[in-house]
Each structure stands twice: as structure tokens, then as C-alpha cells.
There are 2 protein chains.
Amino acid sequence: MDDQLVEAKRHFVEGISRISNFWGFPKAMGALFAVIYLSPTPSTLDEMVVEVGVSKGAVSTNIRSLERLGMVHKKLVVGDRKDYYLAETDFWKIVKGILREREKNEFDKALQSVGESLELVEATPAHEESQQTQAFYKERMTALKQFFDSLDNVVATLLAIDDIKNSVLKGLFNR
Amino acid sequence: MDDQLVEAKRHFVEGISRISNFWGFPKAMGALFAVIYLSPTPSTLDEMVVEVGVSKGAVSTNIRSLERLGMVHKKLVVGDRKDYYLAETDFWKIVKGILREREKNEFDKALQSVGESLELVEATPAHEESQQTQAFYKERMTALKQFFDSLDNVVATLLAIDDIKNSVLKGLFNR
DNA sequence: TACTTTGTTTAGTTTAAACTAAACGTTCAA
DNA sequence: TTGAACGTTTAGTTTAAACTAAACAAAGTA
């Protein structure tokens, strides 16, 4: 293939790897997505081992992460035991999927513990000597909780807007 | 101090540490912010060493990260060589600051390389045998670039809306 | 039944981030 | 001018994530 295209692909894969890394994912995971995304035909595990240059095990685990995020899709071919993978090309869909899934993950557990801390403070019987501290904690924790709740609302609103676009309007105008 | 308040604080600090960790920052950095945020008086380095339970060096480097993100502010007291730190309590301001700073960081360098890859593809002279590949790369890279540009626009819009709120309206109604 | 071909899991290794302890530079006070 | 009180930097260590190699399980094929 044309050298310049090979170079363009290499550069692209490297860029996506860096983005992956920036968001706290393994570099190999980004590289993997980039390779699948730039492949005109569905990719197999062994192809990816060659393309990305990591072990079979690493491809196997990373591809599962990508699938969980909805960034790639497994495509099964009848009479063929290989797994084929395709890239999701609707990036907004990926983002929305991740936002929708967030309740289940570590992130919301953490947010919850802010709420729990606040409840603890509020449930504390007022003691003469620690009353000021209690009031201060309450104020600060409430402020942070409100911020998180607002963030939640922003996200929920964005998702709702998108839902309307996709259901109501599609229904109205029949696509 | 009241045991229950101590426990509430501990729980809060742990929660923020986990959030910090989730976003790819050191856990100690989150703990540090939480401690400062819950302190009614400005915090000094040595206090934080005790409160968070890490070394002076770790506090020093982590506090600098927090400052860079605009999450804490150094407060100098005349006739006192200690540095005092206060927490930023306007979280939207923190978020906006981070969004505004993002051009300078690793993230945008990565986005740029997607654009560069596309340019490489477009600058490739059309060869008979690789023409289809070239067209495919161009299509995929363009789609991704457009997504990134849209994201950029969303962010820019949000920032602009906020600027209007803060300047025009404030001016009109004189706060 | 044994052998291939596939993807997954596991035990151990590598690597990079975050930490500690201690040296250091600076500033002020005595 | 020495020493104490700071915050920062550095050299080395610890720790956790991500990887490799290889064993493995499943499912088909000869």
C-alpha cells in the first residue's frame, strides 16, 4: 500500500492512543479502536495482534473493554469460529451510552459517599463545643452535593433532549 | 471533637479521594482538597502532612497540581513564611477553568494529530491500487474530526453562555 | 478419539506513577 | 553568621496497572 497512507494510519493510531491514555485508559485500547475504525473489513483477534503489536491476551481484555463502552461490536459469521469486530461510528451514541452507564460504576459510588457524609453530619446531635464545626461541614458538604446534583441534571437534560430528537421527531416526520 | 463529625469527615475525604482516583488523579490529591475544603481556617503544609498522612514532598507536589487546576488558592500572610491554602468553593468556576485551559494540554495535541492524519491522507497522490483505502480513510478520519469539532463547539457555547451571564447581565442589572 | 483453531484466564514480569526520606535552597531571627 | 523554619527537589522505593507467555477451555474437524 501507499507509503503515505501507511504513515497517515500510523499517525492516526498514535493520536487515538494518546487520547485513550489521556482519559486514563490503556494506550493499547485506543490503538485497538483506531485499527478497527480504519479497517474497511471486520477485524479478527489475530489481525489485531499483528496490527497493534501486543499479545493475544492483551487484545482479548482490551477488546472487551471497548465492547463494554459500546465502541466496537462483535459480529459473528455463521460457520466461522472467529470473532469479527466492527467500530461504532456514531460517536455521540458512544458518549450517551457512557453517560447512561455511569450510575453503575465507581463514579457514582463516590458521589454517593458525599451524600452519606452529609447525612452523618446532619444526624450528629448538637454538642456545645463542636457546633460551629458541624455547621461548617454541613454548609460545605451541601454546596458540593448541590454541584454534583446540578451536573447530574445537565447530563440528564442533554440525554432527554437527544431522546426527544430521536423518538418524537422521528415519529412526527417519519424519519 | 465529636466522634461522629470525625467519622463524617473521614468518609467525605475518602469519597473525594475516590473521585480523584476515578478521574486519573492521585488519591492523595483528592484527599488533600477534601481536607482543605473542610477546614474552616487556611491550611498549612505541615497541617496537611498530619491530616492526610503523606510526606511533605507529596503534599508539595499535589498541592501544586491543585493550584494549577484552580481548586485551591495560596494565601500569603505578611510576616509569616508559611503558605496558607484555601479551597475554591465555586465548582463551576473550576470546571470552566479546566475547559478553558485544555488547549494547552496533552488532550488537544492528541486531537490535532487526528487532523494531521487527515491532511496526510488528503495530500496523498491518488494511486490506482490504494484509491479505495484512501477514500475510506478520508471518510472515517473526517467523521471523527467533525465529532471533535462539534464537541469543541458545545464547550465553547457553554463557556460563552456563562460569559454572557457574568458580564452582560451583571452590567445591565448592576449585580 | 485425538488434533486444530479459536478466545479466555492465569501466573509472573515489566513499567510507570506516586510515594518517602533526606538533601537542599531560601529567608528570617537571634 | 549560625541556626531554625519553611517549601522544593531529588534519588531511590513501593505499588498498581498493563503487559507477555503459556496453560487452558470450548467447539469443530479429521
Side-chain angles (χ1 to χ4, degrees), chain A residues 13-14 16-36 41-69 71-86 105-106, chain B residues 13-14 16-36 41-69 71-86 105-106:
Chain A
V13 171
E14 195 206 305
I16 304 296
S17 300
R18 287 172 69 178
I19 294 174
S20 178
N21 189 243
F22 179 82
W23 288 106
F25 300 110
K27 261 173 35 184
M29 191 172 139
L32 216 44
F33 175 78
V35 162
I36 299 172
T41 58
S43 309
T44 66
L45 192 145
D46 284 319
E47 275 169 35
M48 295 187 269
V49 166
V50 175
E51 286 272 332
V52 177
V54 295
S55 70
K56 234 167 34 133
V59 171
S60 177
T61 56
N62 278 309
I63 204 89
R64 219 159 343 115
S65 304
L66 286 172
E67 237 190 325
R68 201 155 14 84
L69 292 174
M71 299 188 64
V72 301
H73 303 289
K74 198 185 284 194
K75 192 194 174 195
L76 297 172
V77 174
V78 287
D80 188 342
R81 280 177 41 226
K82 286 200 196 72
D83 291 347
Y84 291 89
Y85 285 94
L86 289 167
N105 65 29
E106 186 63 17
Chain B
V13 170
E14 196 206 305
I16 304 295
S17 299
R18 287 172 70 176
I19 295 173
S20 178
N21 189 243
F22 179 82
W23 288 107
F25 299 110
K27 260 175 32 185
M29 191 172 139
L32 216 45
F33 176 78
V35 163
I36 299 172
T41 57
S43 310
T44 66
L45 193 144
D46 284 318
E47 277 168 35
M48 296 187 269
V49 166
V50 175
E51 287 272 331
V52 178
V54 295
S55 70
K56 237 170 31 136
V59 171
S60 178
T61 56
N62 278 310
I63 204 89
R64 219 159 344 112
S65 303
L66 286 173
E67 239 191 322
R68 202 157 11 85
L69 293 175
M71 299 188 65
V72 300
H73 303 290
K74 197 185 286 195
K75 191 193 174 194
L76 297 173
V77 174
V78 287
D80 189 342
R81 279 173 46 224
K82 287 199 196 72
D83 292 347
Y84 292 88
Y85 285 94
L86 290 168
N105 66 28
E106 185 64 16

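In this structure, the separation between OH on A:Tyr85 and NZ on A:Lys74 is 4.0 Å, given to the nearest 0.5 Å. For the atom pair A:Ser17 OG and A:Leu32 CG, the distance stands at 9.5 Å (nearest 0.5 Å). Atom CG of A:Leu86 and atom CD1 of A:Ile36 lie 8.5 Å apart (nearest 0.5 Å).
Of the possible polar contacts, one joining the B:Ser20 side chain to the B:Pro26 backbone as a donor-acceptor pair under 3.5 Å is found.
Residues forming a side-chain contact (heavy atoms from CB on, under 4.5 Å) with A:Asn21 (at least two apart in sequence, or on another chain): A:Lys27. Listed by chain and number, the residues in a side-chain contact (heavy atoms from CB on, under 4.5 Å) with A:Leu69 are A:Phe25, A:Met29, A:Met71, A:Ile98 (sequence neighbours excluded).
Within the 4.0 Å cut-off from OP1 or OP2 of C:dT8, at least one side-chain nitrogen or oxygen of A:Ser60 is found.
Residues A:Tyr85 and B:Lys27 each lie close to DNA chain C; by heavy-atom proximity, the contact nearer the 5' end of the strand is made by A:Tyr85.
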Return a table of donor-acceptor pairs under 3.5 angstrom between the side chains of residues 49-67 of chain A and protein atoms on other chains or two or more places apart.
from, atom 1, to, atom 2, distance (Å)
A:Glu51, OE1, A:Lys9, NZ, 3.0
A:Ser55, OG, A:Ala58, N, 3.3
A:Thr61, OG1, A:Gly57, O, 3.4
A:Thr61, OG1, A:Ala58, O, 3.1
A:Asn62, ND2, A:Ala58, O, 3.1
A:Ser65, OG, A:Thr61, O, 3.3
A:Ser65, OG, A:Arg68, NH2, 3.4

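The side-chain heavy atoms of A:Val35 and A:Val13, taken from C-beta on, include a pair separated by under 4.5 Å.
At a threshold of 4.0 angstrom between heavy atoms, the contacts of A:Val54 are confined to the sugar-phosphate backbone, with no base atom among them.
Between A:Asp83 atom CG and C:dT5 atom P the separation is 17 Å, expressed in whole Å.
Closest approach of B:Glu47 to B:Pro42, counting heavy atoms only: OE1-O, 4.0 Å. Between A:Ile16 and A:Gly30, the shortest heavy-atom distance links the atoms CG2-O, 3.5 Å.
Using a 4.0 Å cut-off on heavy atoms, none of the residues of residues 71-79 of chain B approach DNA chain D.
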How does protein reach along nucleotides 23-28 of chain C, written 5' to 3' as B (base within reach of a heavy atom under 4.0 Å), S (only sugar-phosphate), or - (no contact)?
---BBS
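First and last contacting nucleotides of DNA chain D toward chain A (any atom under 4.0 angstrom from a heavy atom, 5' to 3' order): D:dA18 to D:dG28.
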